[in-house]
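All values reported here derive from a predicted model rather than from experimental measurement. Hydrogens, waters and symmetry mates play no part in the numbers below; they use all other heavy atoms, side chains included.
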Amino acid sequence: MNDAVPTPPPETPAPELLPKGERTRALILETAMRLFQERGYDKTTMRAIAAEAGVSVGNAYHYYEGKEFLIQGFYDRMTHEHALDARARMAGKTDFTERLQIALDSWVDCSADYHEFAAQFFRTAADPNSALSPFSNESHPARETAVQIFREVIDGSDLGPKLDPELGELLPDLLWLHLMVIVLYWVFDRTEDTERTRAFVKRCAPFVAKLVALSRYRVFRPLVRDAVDMIQEFVLPTIGSSTALAKPAGTTSSTTTKRKRRKDG
(Lines give C-alpha, C1' and ligand atoms only; values in the text may rest on other atoms or scores of the structure.)
Protein backbone atom coordinates (compact mmCIF):
# COMPACT_ATOMS: atom_id res chain seq x y z
CA MET A 1 0.00 0.00 0.00
CA ASN A 2 1.04 3.57 -0.53
CA ASP A 3 1.57 4.94 2.99
CA ALA A 4 2.35 8.48 1.88
CA VAL A 5 -0.17 11.05 3.04
CA PRO A 6 -1.71 12.56 -0.12
CA THR A 7 -1.49 16.29 -0.53
CA PRO A 8 -4.89 17.86 -1.21
CA PRO A 9 -5.01 20.08 -4.29
CA PRO A 10 -5.05 23.79 -3.49
CA GLU A 11 -8.34 25.64 -3.40
CA THR A 12 -9.19 27.33 -6.69
CA PRO A 13 -8.44 31.06 -6.33
CA ALA A 14 -11.09 33.62 -7.13
CA PRO A 15 -11.08 34.55 -10.86
CA GLU A 16 -10.08 38.16 -10.16
CA LEU A 17 -6.95 36.93 -8.35
CA LEU A 18 -5.72 34.88 -11.30
CA PRO A 19 -3.08 36.24 -13.72
CA LYS A 20 -4.53 37.76 -16.87
CA GLY A 21 -3.59 34.76 -19.02
CA GLU A 22 -5.31 32.37 -16.63
CA ARG A 23 -8.39 34.60 -16.52
CA THR A 24 -8.57 34.54 -20.31
CA ARG A 25 -8.11 30.78 -20.34
CA ALA A 26 -10.88 30.36 -17.74
CA LEU A 27 -13.18 32.71 -19.68
CA ILE A 28 -12.75 30.69 -22.88
CA LEU A 29 -13.48 27.47 -21.04
CA GLU A 30 -16.56 28.89 -19.30
CA THR A 31 -17.86 30.23 -22.60
CA ALA A 32 -17.27 26.91 -24.35
CA MET A 33 -19.10 24.96 -21.65
CA ARG A 34 -22.09 27.30 -21.90
CA LEU A 35 -22.22 27.10 -25.70
CA PHE A 36 -21.85 23.33 -25.63
CA GLN A 37 -24.90 23.20 -23.36
CA GLU A 38 -26.91 25.72 -25.41
CA ARG A 39 -25.99 24.68 -28.96
CA GLY A 40 -24.50 21.25 -28.61
CA TYR A 41 -20.89 20.13 -28.91
CA ASP A 42 -20.96 19.40 -32.66
CA LYS A 43 -22.56 22.73 -33.59
CA THR A 44 -20.19 24.89 -31.55
CA THR A 45 -17.06 26.07 -33.36
CA MET A 46 -13.90 27.59 -31.98
CA ARG A 47 -14.73 30.77 -33.91
CA ALA A 48 -18.10 31.01 -32.14
CA ILE A 49 -16.48 30.42 -28.77
CA ALA A 50 -13.91 33.14 -29.42
CA ALA A 51 -16.56 35.62 -30.55
CA GLU A 52 -18.77 34.94 -27.53
CA ALA A 53 -15.79 35.24 -25.16
CA GLY A 54 -14.67 38.50 -26.77
CA VAL A 55 -11.22 37.24 -27.80
CA SER A 56 -9.61 36.71 -31.19
CA VAL A 57 -9.72 33.28 -32.80
CA GLY A 58 -5.93 33.18 -32.67
CA ASN A 59 -6.02 33.90 -28.95
CA ALA A 60 -8.54 31.10 -28.42
CA TYR A 61 -6.25 28.67 -30.25
CA HIS A 62 -3.30 29.93 -28.20
CA TYR A 63 -4.92 28.54 -25.05
CA TYR A 64 -6.76 25.56 -26.56
CA GLU A 65 -5.74 23.79 -29.76
CA GLY A 66 -9.32 22.83 -30.51
CA LYS A 67 -12.65 21.78 -29.07
CA GLU A 68 -11.30 18.50 -27.77
CA PHE A 69 -8.75 20.38 -25.68
CA LEU A 70 -11.57 22.46 -24.21
CA ILE A 71 -13.12 19.19 -23.14
CA GLN A 72 -9.80 18.28 -21.55
CA GLY A 73 -10.09 21.53 -19.61
CA PHE A 74 -13.57 20.44 -18.60
CA TYR A 75 -12.21 17.05 -17.46
CA ASP A 76 -9.54 18.78 -15.38
CA ARG A 77 -12.06 21.07 -13.73
CA MET A 78 -14.55 18.28 -13.09
CA THR A 79 -12.02 15.97 -11.47
CA HIS A 80 -10.70 18.82 -9.32
CA GLU A 81 -14.21 19.68 -8.12
CA HIS A 82 -14.93 16.00 -7.55
CA ALA A 83 -11.75 15.57 -5.51
CA LEU A 84 -12.55 18.52 -3.24
CA ASP A 85 -16.16 17.45 -2.77
CA ALA A 86 -15.44 13.75 -2.17
CA ARG A 87 -12.59 14.56 0.21
CA ALA A 88 -14.85 16.80 2.30
CA ARG A 89 -17.63 14.22 2.42
CA MET A 90 -15.28 11.38 3.42
CA ALA A 91 -13.67 13.32 6.27
CA GLY A 92 -13.89 11.37 9.53
CA LYS A 93 -15.29 8.22 7.89
CA THR A 94 -13.26 4.99 7.83
CA ASP A 95 -15.68 2.35 6.53
CA PHE A 96 -14.46 1.34 3.07
CA THR A 97 -17.95 0.71 1.67
CA GLU A 98 -19.17 4.09 2.86
CA ARG A 99 -16.12 5.92 1.51
CA LEU A 100 -16.45 4.23 -1.88
CA GLN A 101 -20.12 5.09 -2.21
CA ILE A 102 -19.44 8.67 -1.12
CA ALA A 103 -16.78 9.04 -3.83
CA LEU A 104 -19.11 7.67 -6.52
CA ASP A 105 -22.14 9.67 -5.36
CA SER A 106 -19.96 12.77 -5.30
CA TRP A 107 -19.05 12.29 -8.97
CA VAL A 108 -22.70 11.99 -9.99
CA ASP A 109 -23.56 15.16 -8.04
CA CYS A 110 -20.62 17.16 -9.40
CA SER A 111 -21.46 16.10 -12.99
CA ALA A 112 -25.18 16.84 -12.80
CA ASP A 113 -25.05 20.22 -14.55
CA TYR A 114 -23.23 18.76 -17.55
CA HIS A 115 -25.42 15.73 -18.20
CA GLU A 116 -27.42 17.24 -21.06
CA PHE A 117 -24.49 17.72 -23.41
CA ALA A 118 -22.33 14.82 -22.20
CA ALA A 119 -23.79 12.37 -24.71
CA GLN A 120 -23.03 14.78 -27.54
CA PHE A 121 -19.28 14.37 -27.27
CA PHE A 122 -19.39 10.78 -26.01
CA ARG A 123 -19.36 9.51 -29.59
CA THR A 124 -15.96 11.16 -30.07
CA ALA A 125 -14.74 10.20 -26.61
CA ALA A 126 -15.53 6.55 -27.33
CA ASP A 127 -12.99 6.57 -30.17
CA PRO A 128 -9.77 5.12 -28.68
CA ASN A 129 -7.73 7.42 -30.95
CA SER A 130 -9.49 10.56 -29.77
CA ALA A 131 -7.93 12.99 -27.33
CA LEU A 132 -11.35 13.05 -25.65
CA SER A 133 -11.04 9.41 -24.64
CA PRO A 134 -10.63 9.05 -20.87
CA PHE A 135 -7.91 6.49 -21.67
CA SER A 136 -5.87 8.86 -23.86
CA ASN A 137 -2.51 10.37 -23.03
CA GLU A 138 -4.10 13.82 -23.14
CA SER A 139 -6.53 12.79 -20.39
CA HIS A 140 -3.74 11.65 -18.07
CA PRO A 141 -3.78 14.67 -15.67
CA ALA A 142 -7.53 14.40 -15.05
CA ARG A 143 -7.34 10.61 -14.86
CA GLU A 144 -4.52 10.74 -12.31
CA THR A 145 -6.53 13.14 -10.14
CA ALA A 146 -9.48 10.74 -10.28
CA VAL A 147 -7.30 7.73 -9.47
CA GLN A 148 -5.90 9.66 -6.50
CA ILE A 149 -9.44 10.06 -5.14
CA PHE A 150 -9.82 6.29 -5.03
CA ARG A 151 -6.36 5.91 -3.53
CA GLU A 152 -7.59 8.11 -0.70
CA VAL A 153 -10.78 6.07 -0.45
CA ILE A 154 -8.59 3.03 0.29
CA ASP A 155 -5.86 4.63 2.38
CA GLY A 156 -8.33 6.40 4.68
CA SER A 157 -10.35 3.24 5.29
CA ASP A 158 -10.02 0.53 7.91
CA LEU A 159 -9.72 -2.03 5.10
CA GLY A 160 -6.68 -0.45 3.42
CA PRO A 161 -3.94 -1.88 5.68
CA LYS A 162 -5.44 -5.39 5.39
CA LEU A 163 -5.29 -5.65 1.61
CA ASP A 164 -2.81 -7.67 -0.40
CA PRO A 165 -0.03 -5.17 -1.24
CA GLU A 166 -0.04 -5.92 -4.98
CA LEU A 167 -3.80 -5.59 -5.23
CA GLY A 168 -3.65 -2.49 -3.08
CA GLU A 169 -1.35 -0.83 -5.62
CA LEU A 170 -3.67 -1.65 -8.52
CA LEU A 171 -6.98 -1.08 -6.78
CA PRO A 172 -7.19 2.72 -7.29
CA ASP A 173 -6.93 2.19 -11.07
CA LEU A 174 -9.52 -0.59 -10.92
CA LEU A 175 -11.93 1.57 -8.97
CA TRP A 176 -11.43 4.32 -11.55
CA LEU A 177 -12.35 1.79 -14.26
CA HIS A 178 -15.45 1.00 -12.22
CA LEU A 179 -16.24 4.71 -12.27
CA MET A 180 -15.93 4.63 -16.08
CA VAL A 181 -18.66 1.98 -16.16
CA ILE A 182 -20.84 4.28 -14.07
CA VAL A 183 -20.03 7.21 -16.38
CA LEU A 184 -21.14 5.16 -19.39
CA TYR A 185 -24.40 4.28 -17.66
CA TRP A 186 -24.84 7.93 -16.64
CA VAL A 187 -24.35 9.24 -20.18
CA PHE A 188 -27.31 7.22 -21.45
CA ASP A 189 -29.48 7.67 -18.36
CA ARG A 190 -32.53 9.79 -19.19
CA THR A 191 -34.38 9.42 -15.89
CA GLU A 192 -35.09 12.52 -13.82
CA ASP A 193 -32.00 13.64 -11.89
CA THR A 194 -30.34 10.47 -13.26
CA GLU A 195 -32.16 8.44 -10.63
CA ARG A 196 -31.24 5.14 -12.29
CA THR A 197 -27.54 5.99 -12.11
CA ARG A 198 -27.85 6.89 -8.46
CA ALA A 199 -29.66 3.62 -7.78
CA PHE A 200 -26.96 1.75 -9.73
CA VAL A 201 -24.24 3.31 -7.58
CA LYS A 202 -26.15 2.51 -4.41
CA ARG A 203 -26.47 -1.12 -5.50
CA CYS A 204 -23.03 -1.79 -6.94
CA ALA A 205 -20.80 0.10 -4.46
CA PRO A 206 -21.43 -2.36 -1.59
CA PHE A 207 -21.02 -5.27 -4.01
CA VAL A 208 -17.62 -4.01 -5.21
CA ALA A 209 -16.60 -3.33 -1.61
CA LYS A 210 -17.46 -6.92 -0.64
CA LEU A 211 -15.34 -8.30 -3.49
CA VAL A 212 -12.41 -6.14 -2.37
CA ALA A 213 -12.86 -7.22 1.25
CA LEU A 214 -12.92 -10.91 0.27
CA SER A 215 -9.58 -10.53 -1.50
CA ARG A 216 -7.75 -10.27 1.83
CA TYR A 217 -8.57 -13.85 2.84
CA ARG A 218 -5.91 -16.47 2.19
CA VAL A 219 -8.24 -18.82 0.32
CA PHE A 220 -8.74 -16.16 -2.36
CA ARG A 221 -5.04 -15.26 -2.74
CA PRO A 222 -4.48 -17.46 -5.86
CA LEU A 223 -7.42 -15.75 -7.55
CA VAL A 224 -6.08 -12.36 -6.52
CA ARG A 225 -2.66 -13.19 -8.00
CA ASP A 226 -4.25 -14.33 -11.27
CA ALA A 227 -6.36 -11.16 -11.40
CA VAL A 228 -3.33 -8.95 -10.72
CA ASP A 229 -1.34 -10.64 -13.49
CA MET A 230 -4.20 -10.32 -15.97
CA ILE A 231 -4.78 -6.65 -15.15
CA GLN A 232 -1.08 -5.83 -15.48
CA GLU A 233 -0.85 -7.63 -18.82
CA PHE A 234 -4.08 -6.61 -20.53
CA VAL A 235 -5.74 -3.65 -18.78
CA LEU A 236 -3.12 -1.18 -17.59
CA PRO A 237 -1.17 -1.08 -20.90
CA THR A 238 -4.30 0.28 -22.63
CA ILE A 239 -4.37 3.37 -20.41
CA GLY A 240 -2.34 6.34 -21.63
CA SER A 241 0.39 7.91 -19.54
CA SER A 242 1.87 11.35 -19.04
CA THR A 243 4.97 10.44 -21.03
CA ALA A 244 3.17 11.08 -24.30
CA LEU A 245 1.59 14.33 -23.25
CA ALA A 246 2.11 17.01 -25.81
CA LYS A 247 2.86 20.63 -24.98
CA PRO A 248 2.18 22.43 -21.70
CA ALA A 249 -1.02 24.43 -21.31
CA GLY A 250 -1.14 27.60 -23.33
CA THR A 251 1.22 26.40 -26.07
CA THR A 252 0.49 24.92 -29.45
CA SER A 253 2.25 23.83 -32.58
CA SER A 254 1.69 26.08 -35.59
CA THR A 255 1.05 23.07 -37.86
CA THR A 256 -1.67 21.67 -35.61
CA THR A 257 -3.25 25.07 -35.15
CA LYS A 258 -3.38 25.82 -38.87
CA ARG A 259 -4.88 22.42 -39.60
CA LYS A 260 -7.57 22.88 -36.94
CA ARG A 261 -8.36 26.41 -38.09
CA ARG A 262 -8.96 25.22 -41.65
CA LYS A 263 -11.21 22.44 -40.35
CA ASP A 264 -13.13 24.42 -37.75
CA GLY A 265 -13.53 27.73 -39.51
(message) Can you give me the closest heavy-atom contact between Ala26 and Arg77, atom names plus distance?
(response) O-NH2, 4.4 Å
(request) Give the cluster check for Leu184 versus Phe200: same hydrophobic cluster or not, with ILVMFWY residues linked at side-chain heavy-atom distances below 4.5 Å. (result) yes
(request) Would you check if there is a donor-acceptor pair between the side chains of Arg151 and Gln148 at a distance under 3.5 Å? (result) yes
(message) On a heavy-atom basis, which atom in Leu70 and which in Leu29 lie closest, and how many Å separate them?
(response) O-CD1, 3.4 Å
(request) Report yes if the side chains of Glu52 and Arg34 come closer than 4.5 Å at any heavy-atom pair, otherwise no. (result) yes
(request) Keeping the roles fixed (side chain from Gln37, backbone from Asp113), state whether a donor-acceptor pair exists under 3.5 Å. (result) yes
(message) For a side chain to side chain contact (heavy atoms under 4.5 Å, CB included) check, start with the C-alpha distance between His62 and Thr24, then their side-chain angles and the critical distance, and finish with the verdict.
(response) CA-CA 11 Å; His62 172 73; Thr24 302; over 6 Å; no
(request) Measure the spacing between OG1 of Thr194 and CD1 of Ile182 and express it to the nearest 0.5 Å. (result) 11.5 Å
(request) Look at the side chain of Ser106 and the backbone N and O of Ile102, then say whether any donor-acceptor pair between them is shorter than 3.5 Å. (result) no
(message) Is there a side chain to side chain contact (heavy atoms under 4.5 Å, CB included) between Leu175 and Val208? Walk through the geometry before answering.
(response) CA-CA 9 Å; Leu175 293 177; Val208 171; 3.9 Å; yes
(message) Looking at Thr79 and Thr145, would you say the former's side chain and the latter's main chain have a donor-acceptor pair under 3.5 Å?
(response) no
(request) Could you note down all residue pairs passing salt bridge (Lys or Arg N to Asp or Glu O under 4.0 Å) where residues 203-216 supplies at least one of them, sequence neighbours left out? (result) none
(request) First locate atom CG of Asp109, then atom NE2 of His82, and finally report the distance between them rounded to the nearest 0.5 Å. (result) 9.0 Å
(request) Could you walk me through whether His80 and Leu84 pass side chain to side chain contact (heavy atoms under 4.5 Å, CB included), step by step? (result) CA-CA 6 Å; His80 180 71; Leu84 292 176; 3.5 Å; yes
(message) How long is the straight-line distance from CE of Met46 back to NZ of Lys67, given to the nearest 0.5 Å?
(response) 9.5 Å
(request) Compare every heavy atom of Phe150 with every heavy atom of Ala103, then report the nearest pair and how far apart it is. (result) CB-CE2, 4.2 Å
(request) Would you give the length of the straight line joining atom CD1 of Ile71 to atom OH of Tyr114, rounded to the nearest 0.5 angstrom? (result) 11.0 Å
(message) Could you see if Ile149 belongs to whatever hydrophobic cluster contains Met180? Use Ile, Leu, Val, Met, Phe, Trp, Tyr and a side-chain cutoff under 4.5 Å.
(response) no
(request) Can you see which heavy atom on Ser136 is nearest to which on Arg143, and at what distance? (result) O-NH1, 3.0 Å
(message) How long is the straight-line distance from CG of Leu211 back to CZ of Phe220, given to the nearest 0.5 Å?
(response) 9.5 Å
(message) side chain to side chain contact (heavy atoms under 4.5 Å, CB included) for Phe36 and Phe74? Distances and angles first, verdict last.
(response) CA-CA 11 Å; Phe36 290 160; Phe74 164 66; over 6 Å; no
(request) Measure across Arg25 and Tyr64 and return the closest heavy-atom pair with its distance rounded to 0.1 Å. (result) CG-OH, 3.3 Å
(message) Between Phe188 and Trp186, is there shared hydrophobic-cluster membership here, with clusters defined by ILVMFWY side-chain heavy atoms closer than 4.5 Å?
(response) yes
(message) Grouping I, L, V, M, F, W and Y whenever their side-chain heavy atoms are under 4.5 Å apart, do Leu171 and Leu104 come out in a common cluster?
(response) yes
(message) Measuring from atom CG of Leu100 to atom CZ of Phe207, what distance do you get when rounded to the nearest 0.5 angstrom?
(response) 12.5 Å
(message) Within the 4.5 Å heavy-atom criterion, are Leu174 and His178 side-chain neighbours or not?
(response) no
(message) Is it true that, when you exclude Lys93 itself, more than 12 heavy atoms of the residues, nucleotides or ligands shown sit nearer than 6.0 Å to its NZ?
(response) yes
(message) Can you tell me how the ring of Trp176 sits relative to the ring of Phe135, calling it parallel under 30°, perpendicular over 60° and tilted otherwise?
(response) perpendicular
(message) Contact between Asp164 and Ser215 at the side-chain level, heavy atoms closer than 4.5 Å - yes or no?
(response) no
(request) Please examine the side chains of Tyr185 and Val201, heavy atoms only from C-beta on, and report whether any two atoms are closer than 4.5 Å. (result) no
(request) Give every residue pair that meets the salt bridge (Lys or Arg N to Asp or Glu O under 4.0 Å) criterion with at least one member in residues 176-195, sequence neighbours excluded. (result) Asp193-Arg198
(request) Before accepting this row, confirm whether a basic side-chain N of the pair Glu152/Arg99 lies closer than 4.0 Å to the acidic partner's carboxylate O. (result) no
(message) If I compare all heavy atoms of Ala53 with all of Leu27, which pair ends up nearest, and what's the gap?
(response) O-CD2, 3.3 Å
(message) I'd like to know if the side chain of Ser139 reaches the main chain of Ser133, judged simply by a donor and an acceptor atom lying under 3.5 Å from each other, with no hydrogens or angles considered.
(response) yes
